[in-house]
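Ligands are counted one by one from 1 in listed order, and the atoms in each one are counted from 1 as well.
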Amino acid sequence: MNHKTAVVTGGAGFVPSHLIDLLLADGLRVIALDNFVTGHARNLAHLQDNPNFTFIEQDVSIPFSIEEPVDYVFHMASPASPIDYVQIPIETLKAGSYATHNALDLALQKGATFLVASTSEVYGDPEIHPQPETYWGNVNSIGVRSCYDEAKRYAEAATMAYHRAHGLDTKIVRIFNTYGPRMRLDDGRVVPAFIGQALRGEPMTVFGDGSQTRSFCYVSDLVAGIWKLAQSEYHLPVNCGNPHEMTIRQFAEAVSRHFEIPLVLDEKPLPPDDPKVRKPDIRLAKELLGWEPVVAFDDGIRETIAYFRNFVS
Ligand code: UDP
């Protein structure tokens, strides 16, 4: 048993709530913070009576303190879907900047290990494919996605600065597209969007011609990688994602196959700066952590569809 304590910012969010489940299962105590801007209390409802779990309602972009000793700080708080961060760009910038400083300061004060959730968005619309950690990216600093992309790039810079200036034990995970239960049906991302549309008998809204690619990682695989990284000695960024790449049209076809319904698409304009391709190079995570995704796409999608059925009558 591991009797350590972890603080997880953004704990009521999709990915962090799964990370919390994994940490608790490994014997840690967990203190989760969230202000419910994009997270939801139902993602943590099953932990209500767990003596190893504490929830604090807190906007982490405002300074906060924790009374007890802390061994790990996971800074996961941030809007993460394109429609969310375009609607609340200032909150998104603060989650990457002020909130990152607050979480870093907590780790420094406690002598804790710090891990920040970064993103494949730091690569922008990539000119190198697949994307290795050594690629510096192609981000439009004033585009609609910049509130997220640049905030996460800043969060990485702040993390490296604390590591270099204070010797803080820091980790940076670059998370690629992830899916699974506890995503919000209305968060606008392609996985809940297409599944929700299929459940409601609506056409699937493909942006552009659907030839852009993404590589989808099931959430249990992702959080296993994050936890391994947190326990490693490595300080530079590490990609975590599933290299199984497909076009958005192929993803729509897969959803229609699972639902056994004809493929009906509604083509909408491609949003500005929408990356044309995305696929993680995960050689580093494999070598360093012995980690790679194990959940097959069809199995993960089946679980995700089963979850979303509870929300559409
Ligand atoms: N997308 C789409 N229809 C939707 C939502 C998204 O075609 O209803 C496309 C979007 O343009 C992008 C891809 O699906 O190319 C993945 O979008 P998502 O918002 O899930 O995440 P992103 O990888 O862009 O952050």
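Outside the 6.0 Å centre-distance limit, the rings of H163 and F114 are not counted as a close aromatic pair. Aromatic ring centroids of H40 and F36 lie 6.0 Å or more apart.
At a heavy-atom cutoff of 4.0 Å, ligand 1 is contacted by the side chain of N177 but not by its backbone. Residue R214 touches ligand 1 through its side chain alone, judged by heavy-atom distances below 4.0 Å. If you look at E267 next to ligand 1, there are no close heavy atoms at all, none under 4.0 Å. By the criterion of a heavy-atom distance under 4.0 Å, both the backbone and the side chain of T205 are placed next to ligand 1.
In this structure, F251 does not count as a contact residue of ligand 1, since none of its heavy atoms falls inside 4.0 Å of the ligand. Proximity of Q197 to ligand 1 is not established, as no heavy-atom distance is less than 4.0 Å.
Shortest contact from atom 7 (O) of ligand 1 to any protein heavy atom: F207 N, 2.8 Å. Protein heavy atom at the shortest distance from atom 15 (O) of ligand 1 is D274 OD1, 2.6 Å.
Under 4.0 Å is where a charged nitrogen must lie from a carboxylate oxygen, and between R174 and E133 no such pair does. The existence of a salt bridge linking D125 and R278 is excluded, since no basic side-chain nitrogen approaches an acidic carboxylate oxygen closer than 4.0 Å. Using a 4.0 Å cut-off between charged side-chain N and carboxylate O, K276 and D274 make no salt bridge.
With no hydrogens or angles considered, a side-chain donor-acceptor pair links D21 and H46 at under 3.5 Å.
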